[in-house]
Q: 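Just dropping this structure here.
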There are 2 protein chains.
Amino acid sequence: MPASTTLSTAELRRPIVAAAALSEFARGGFHGTTIADVAREARISPAYVFKLFPGKEALFVAALEACFDEVIAALSSGADAASDQSPTGILDAMADAYAELIGDRRLLSIQVHAQSITHIPEVGAGLREGLARVTSFAKERSNGSNADVQRFMAYGQLCHLIVTAGVEGETQPWAEILTHGIRHP
Amino acid sequence: MPASTTLSTAELRRPIVAAAALSEFARGGFHGTTIADVAREARISPAYVFKLFPGKEALFVAALEACFDEVIAALSSGADAASDQSPTGILDAMADAYAELIGDRRLLSIQVHAQSITHIPEVGAGLREGLARVTSFAKERSNGSNADVQRFMAYGQLCHLIVTAGVEGETQPWAEILTHGIRHP
DNA sequence: TTGATGAGTGATTGATCACTCACTCTTGGA
DNA sequence: TCCAAGAGTGAGTGATCAATCACTCATCAA
């Protein structure tokens, strides 16, 4: 068992490529990102990407799953760190953690891109799966009412819109209405 | 002035092509839709599209503007028809009208697609412009508080997510949390 | 009648990209 | 030492598509 330069197996490399795909798809979207982009980011050849994933769509779904893994982890540690452990206190802490998390836009962007290609069945299924995980986790961890959890999700979506549209750069009244009380990411 | 077969001028044809672009971009997104698709829908040649619009991006922006025209019109007539003319009564009526409007998915889809390509400056600007129109209209027409209008927008975004992800087909508890009280489009 | 202007198109081009295939290199067990 | 199995790649290929260009045809003012 030579400790120094063990070749990474395909099994070990797959999640690395998925992470690279997350970054690249977040930047360019599904159609705007090439397999070559992902391969370059992952430091492998384009051809090898197809040995690790059956096609571009499966690669996108893997990236989306990696995104929701990170989201759940951030919500979890945010909830743990909440000073007020009441349901709404926990949901507020989760919202803060989420706003912090999407500061780099990667996790936000790929969700928006996924929304725009849900006509690909695997992507739609992957998005629903992620939503199920987030919603269920928020409900169970906070023990809040259904209405509280729904509001948490709705304002999360508003936050997505504010960031993707760049509303934060605006100073008019309409922008103030949308952004008021939203932690600026 | 021959009344029978006056040739449509470029000026008159542009909005027709924009409407065709709205339908096509809504179906395939920016990268997934070709100029040939739009041309076919508008019954003109691909080459002529480039005589009417300087490029694909300008065509998308025109389609997005047409989308917000329709949205404002629907909100307006929804508000007029509200039985309860209090601020929240008007906002509720607008929400109903909006849910009704996006039943055909075209107006919803192009907004989601626009969100995914806001890195194109003209698209980002067009989206902010549309948001400004919708938010300002909701505020002025309803005379509701800023918080009421913000909630109206947030739940609108949740509605977008529910429809694009196909949450309505799900019956699990997490789906019930998200969709409860949302008028099914 | 003429000629200028604008409507509208067919054919093409240059670039891009998902995906394939035949191939080489590396590793570790017998 | 040898070899089987898997890691990893270079060089394509066929298809697609935005954008261009040289054209034809219709209209109408003078």
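Below, chain A is the first sequence line, B the second, and so on; all start at residue 1.
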Q: Let me confirm one number: the CG-CD distance from B:Asp104 to B:Glu70, rounded to the nearest 0.5 Å.
A: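 Taking CG in B:Asp104 and CD in B:Glu70, the distance rounds to 8.0 Å.
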Q: Look only at the side chain of A:His113 and the backbone of A:Gly28, and say whether a donor-acceptor pair between them is shorter than 3.5 Å.
A: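 Judged by distance alone, no pair lies under 3.5 Å.
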Q: Please report the distance, rounded to the nearest Å, between CG in B:Asp37 and C1' in D:dC17.
A: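 Going from CG in B:Asp37 over to C1' in D:dC17 covers 10 Å.
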Q: Rounded to whole Å, please give me the gap between CD1 in B:Ile35 and C1' in D:dA19.
A: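 That distance rounds to 9 Å.
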Q: Do any N or O atoms of the protein come closer than 3.5 Å to N or O atoms of nucleotides 9-11 of chain D, and which pairs are they?
A:
residue, atom, partner, partner atom, Å
D:dT9, OP2, A:Ser45, N, 2.8
D:dT9, OP2, A:Ser45, OG, 3.1
D:dT9, O4, A:Lys51, NZ, 3.3

Q: Rounded to the Å, how far apart are B:Phe60 CZ and D:dC17 C1'?
A: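 Spelled out: CZ on B:Phe60 to C1' on D:dC17 is 18 Å.
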Q: What is the distance, rounded to the nearest whole Å, between atom CZ of A:Phe50 and atom C1' of D:dG8?
A: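 In whole Å, D:dG8 C1' and A:Phe50 CZ are 15 Å from each other.
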Q: Nearest 0.5 Å, what's the CZ-OG1 distance between A:Arg40 and A:Thr34?
A: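 Reported value, rounded in 0.5 Å steps: 6.0 Å.
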Q: Find the distance B:Ile16:CD1 to C:dA7:C1' and express it as a whole number of Å.
A: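 Distance, rounded to whole Å: 14 Å.
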Q: Using salt bridge (Lys or Arg N to Asp or Glu O under 4.0 Å) as the criterion, list what pairs up with B:Arg105, not counting sequence neighbours.
A: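 Here no residue qualifies.
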Q: Heavy atoms from C-beta onward define the side chain here; which of C:dA7, C:dC19, D:dA18 lies closest to that of B:Ala10?
A: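 Looking only at side-chain atoms, B:Ala10 lies closest to C:dA7.
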Q: Specify the separation, in whole Å, of atom NZ of A:Lys56 and atom C1' of C:dC17.
A: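 So the two atoms are 8 Å apart, to the nearest Å.
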Q: Test A:Arg27 against A:Thr33 for side-chain contact (heavy atoms from CB on, under 4.5 Å), laying out the working first.
A: CA-CA 8 Å; A:Arg27 279 172 30 87; A:Thr33 300; 5.7 Å; no
Q: Side chains of B:Leu75 and B:Phe152: closer than 4.5 Å at any heavy-atom pair?
A: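 Side-chain contact under 4.5 Å: yes.
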Q: Where along residues 24-34 of chain A does a heavy atom fall under 4.0 Å from DNA chain C?
A: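 Per residue number, the list reads A:Thr33, A:Thr34.
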Q: Does atom NE2 of A:His180 have more than 12 heavy-atom neighbours, drawn from other residues, nucleotides or ligands, at distances under 6.0 Å?
A: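 Check fails, neighbour count at 12 or below.
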Q: Show, in sequence, the C-alpha distance, side-chain angles and deciding distance for B:Trp174 and B:Val167, and conclude whether the side-chain contact (heavy atoms from CB on, under 4.5 Å) test is met.
A: CA-CA 9 Å; B:Trp174 69 268; B:Val167 179; 3.8 Å; yes
Q: Between D:dG6 atom P and A:Arg14 atom CZ, what is the distance in whole Å?
A: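 These atoms are roughly 13 Å apart.
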Q: Would you say the ring centers of B:His31 and B:Phe60 fall short of 6.0 Å from each other?
A: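 No; B:Phe60 has its ring centre 6.0 Å or more from that of B:His31.
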